[in-house]
Protein chains: 2
Amino acid sequence: MSHTLGIRQAQKQKTRQAFLDAALTLLEEQSLSSLGLREVTRAVGVAPTAFYRHFRSTADLGVALVDEALGSLHPMVRTTVSTTGDSEERIARAVELIAGHVAAHPAHVRFIARERHGGVQPVREAIRAQLQRFAEEVKAELAKDPEAVGWSDDDLLMLAHLYVDQMLITASLFLEALEGPEEERERVTRLATRQLRLITIGRGHWLD
Amino acid sequence: MSHTLGIRQAQKQKTRQAFLDAALTLLEEQSLSSLGLREVTRAVGVAPTAFYRHFRSTADLGVALVDEALGSLHPMVRTTVSTTGDSEERIARAVELIAGHVAAHPAHVRFIARERHGGVQPVREAIRAQLQRFAEEVKAELAKDPEAVGWSDDDLLMLAHLYVDQMLITASLFLEALEGPEEERERVTRLATRQLRLITIGRGHWLD
DNA sequence: TCATCCAGTTAACAACTGTTCTCTGGAATT
DNA sequence: AATTCCAGAGAACAGTTGTTAACTGGATGA
């Protein structure tokens, strides 16, 4: 079913990806609402009007970036929460996984953190929808756990949102610590680990 | 010691406040990094060059807005955490207080949520510093509680950050629910209450 | 092979940006 | 009363912006 794209379609997708990459780089030092169309085309090395062949507006480009940044992350989140083992091990693994993802894709993480509450409505909406999906997936995994017996669906979703928000806060802290010394990242790891631990303890005594 | 300002100084402060107000309004639909100097002066009804009499740049204006939005909030946070009574009552009161603040100052809350991870470094730094202060103040209040015996300073600060971040997340949710029906705000209240409850439970069993 | 398609180009548009320098008129100081 | 000060005005600057229209030339499909 994997139809080899024609030369034309392939070249178009290549240019489109160049737009996304250039935009992501430019967005490291500004917000999407100040990103100019000409600014992006200049960075790609293409005429300003070429932009319209791929996106209706910079907001449209932003929505595409949300999909790139979060779309491929769902499998990872699923397996993170569902991995078996001691809860302490699971926490450590989750924190390391976040740290690794931030180190591997800092610009993507920065973009999501920045535009989650940013000045472009369609982008905020796209991020909100993806995070909602994350929360529901986390909830589904939590429901499998033997600890979840007696929990209402509402409470499970409440906990899932707590975990998802905590994941974003932690990612943002790792991002700030990226340029600094290893010691700084170690501090974030310790902080995030203990916060997750406290939440997990609360989870364990929820039904008392 | 309250020296009555001269006509001149008074008028200057009035204009300065007009800049802050106009900027805050404009920032409801965009980020600071896209806010133009001329845009603000136009909204105030003053010549573009007048801007420089008050601020070096829009980033400078942003820092002033951070102080306006968060500077006067410290007493409130202090009393919120320290109020006596059942922990369940305290949680309910804290959530209501957040809801009230968001309803009273939505633009300020939106500005902080947006620019906390926004594209203007000095503003991010100013917000970070204020939130650090909040966390330390919350920690100081937590330390007074009998429940805090046996807790290390590090763990208290960890918990304080958890509360502060949770406060911001809740404020942001109330903001999104502002335009919607009362029912929506009720949903946020229930969610935030239960999340705080879970954290508080975790706190109670931390030393087990 | 030939007609069609379409990603990217070129040129031009009115409108906008931040910043400079010079000026003004009323408040503040002496 | 005479002088200094200074918040704001005015005009001009070189650059920038998004969007339009008409185009080119190589890939595509008949």
Side-chain angles (χ1 to χ4, degrees), chain A residues 2-23 25-65 115 118-123, chain B residues 1-23 25-27 29-65 115 118-123:
Chain A
S2 70
H3 183 249
T4 312
L5 266 51
I7 296 179
R8 209 159 169 171
Q9 297 269 341
Q11 179 56 40
K12 179 166 185 182
Q13 288 217 354
K14 205 172 146 192
T15 307
R16 183 191 147 97
Q17 190 58 47
F19 273 121
L20 294 176
D21 294 346
T25 300
L26 290 167
L27 286 171
E28 300 210 24
E29 333 200 304
Q30 63 183 311
S31 318
L32 182 63
S33 81
S34 67
L35 184 69
L37 168 165
R38 293 183 103 105
E39 199 179 352
V40 184
T41 58
R42 199 183 311 127
V44 173
V46 86
T49 46
F51 185 88
Y52 294 107
R53 298 286 177 197
H54 300 271
F55 308 100
R56 231 179 273 275
S57 62
T58 50
D60 195 21
L61 189 160
V63 172
L65 274 176
E115 301 304 330
V120 183
Q121 203 252 342
V123 172
Chain B
M1 222 5 255
S2 70
H3 183 250
T4 312
L5 267 50
I7 296 179
R8 208 158 168 174
Q9 298 269 340
Q11 179 55 41
K12 180 167 184 181
Q13 288 217 354
K14 205 172 145 192
T15 307
R16 183 191 146 96
Q17 190 58 48
F19 273 122
L20 293 177
D21 294 347
T25 300
L26 290 167
L27 285 172
E29 332 201 304
Q30 63 182 311
S31 318
L32 182 63
S33 81
S34 68
L35 184 70
L37 168 163
R38 293 183 103 106
E39 198 178 355
V40 184
T41 58
R42 199 184 309 129
V44 174
V46 84
T49 47
F51 185 88
Y52 294 106
R53 298 285 177 198
H54 300 271
F55 308 100
R56 230 179 274 277
S57 60
T58 50
D60 196 21
L61 189 160
V63 172
L65 275 176
E115 301 304 330
V120 183
Q121 203 254 339
V123 173

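None of these values were measured; they are calculated from a predicted model. In what follows, chains carry the letters A, B, and so on, assigned in the order in which the sequence lines appear, proteins first and then strands, with residues in each chain numbered from 1.
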Next on the checklist: Strictly below 4.0 Å: does B/Thr15 bring a side-chain N or O up to OP1 or OP2 of D/dG8?
Outcome noted: yes

Checklist outcome for this item: Rounded to whole Å, the CZ-C1' distance (A/Arg16 to C/dG8) equals 17 Å

Checklist entry - Given atom CG of B/Leu35 and atom P of C/dT17, what is their separation to the nearest angstrom? => result 10 Å

Checklist entry - Is there side-chain contact between A/Arg16 and A/Phe55, with heavy atoms separated by less than 4.5 Å? => result yes

Checklist entry - Rounded to the Å, how far apart are B/Arg38 CZ and C/dA15 C1'? => result 11 Å

Checklist entry - How long is the line joining CZ of B/Phe19 and C1' of D/dA7, in whole Å? => result 10 Å

Item to check | Separation of atom CD in B/Glu39 from atom P in C/dT17, rounded to whole Å | outcome: 7 Å

Item to check | Distance-only donor-acceptor check, side chains A/Ser34 and B/Ser34, under 3.5 Å | outcome: no

Checklist entry - Would you find a donor on one side and an acceptor on the other, under 3.5 Å apart, between the side chain of A/Ser31 and the backbone of A/Leu27? => result no

Item to check | B/Ser33 side chain vs B/Gly119 backbone, donor-acceptor pair below 3.5 Å | outcome: no

Next on the checklist: Using a 3.5 Å distance criterion without hydrogens, assess whether the side chain of A/Thr25 forms a donor-acceptor pair with backbone atoms of A/Asp21.
Outcome noted: yes

Taking distance alone, no hydrogens or angles, what donor-acceptor pairs closer than 3.5 Å link side-chain atoms of residues 56-64 of chain B to residues at least two apart or in another chain?
unit_1: B/Ser57; atom_1: OG; unit_2: B/Ala59; atom_2: N; d: 3.4
unit_1: B/Ser57; atom_1: OG; unit_2: B/Asp60; atom_2: N; d: 3.3
unit_1: B/Asp60; atom_1: OD2; unit_2: B/Arg56; atom_2: N; d: 3.1

Checklist outcome for this item: Rounded to whole Å, CD of B/Gln11 lies from P of D/dG8 at a distance of 6 Å

Next on the checklist: Does the protein touch nucleotides 24-30 of chain C at the base, only the backbone, or not at all? Give it as B, S and - per nucleotide, heavy atoms under 4.0 Å.
Outcome noted: --BBS--

Checklist entry - Pairing of DNA chain C as dot-bracket, 5' to 3': ( ) intra-strand, [ ] crossing, | other strand, . unpaired, with Watson-Crick or G-U pairs under 3.5 Å? => result ||||||||||||.||||.||||||||||||

Checklist outcome for this item: To the nearest angstrom, the NZ-P distance between A/Lys12 and D/dT28 comes to 13 Å

Checklist entry - Contacts to DNA chain C from residues 47-63 of chain B, heavy-atom cutoff under 4.0 Å, which residues? => result B/Thr49, B/Tyr52

Checklist outcome for this item: The salt bridge (charged side-chain N to carboxylate O under 4.0 Å, His left out) partners of B/Glu29 (sequence neighbours excluded) come to none

Checklist entry - Hey, is CD on B/Gln17 packed in by over 12 heavy atoms from elsewhere, all under 6.0 Å? => result yes

Checklist entry - Is a side-chain donor or acceptor of B/Glu115 paired with a backbone partner of B/Val120 at a separation under 3.5 angstrom? => result no

Checklist entry - Where do B/Phe19 and B/Thr41 land on the side-chain contact (heavy atoms from CB on, under 4.5 Å) test, with the steps shown first? => result CA-CA 7 Å; B/Phe19 273 122; B/Thr41 58; 3.8 Å; yes

Item to check | Qualifying residues under side-chain hydrogen bond (donor to acceptor under 3.5 Å, both in side chains), relative to B/Glu39, sequence neighbours excluded | outcome: B/Gln30

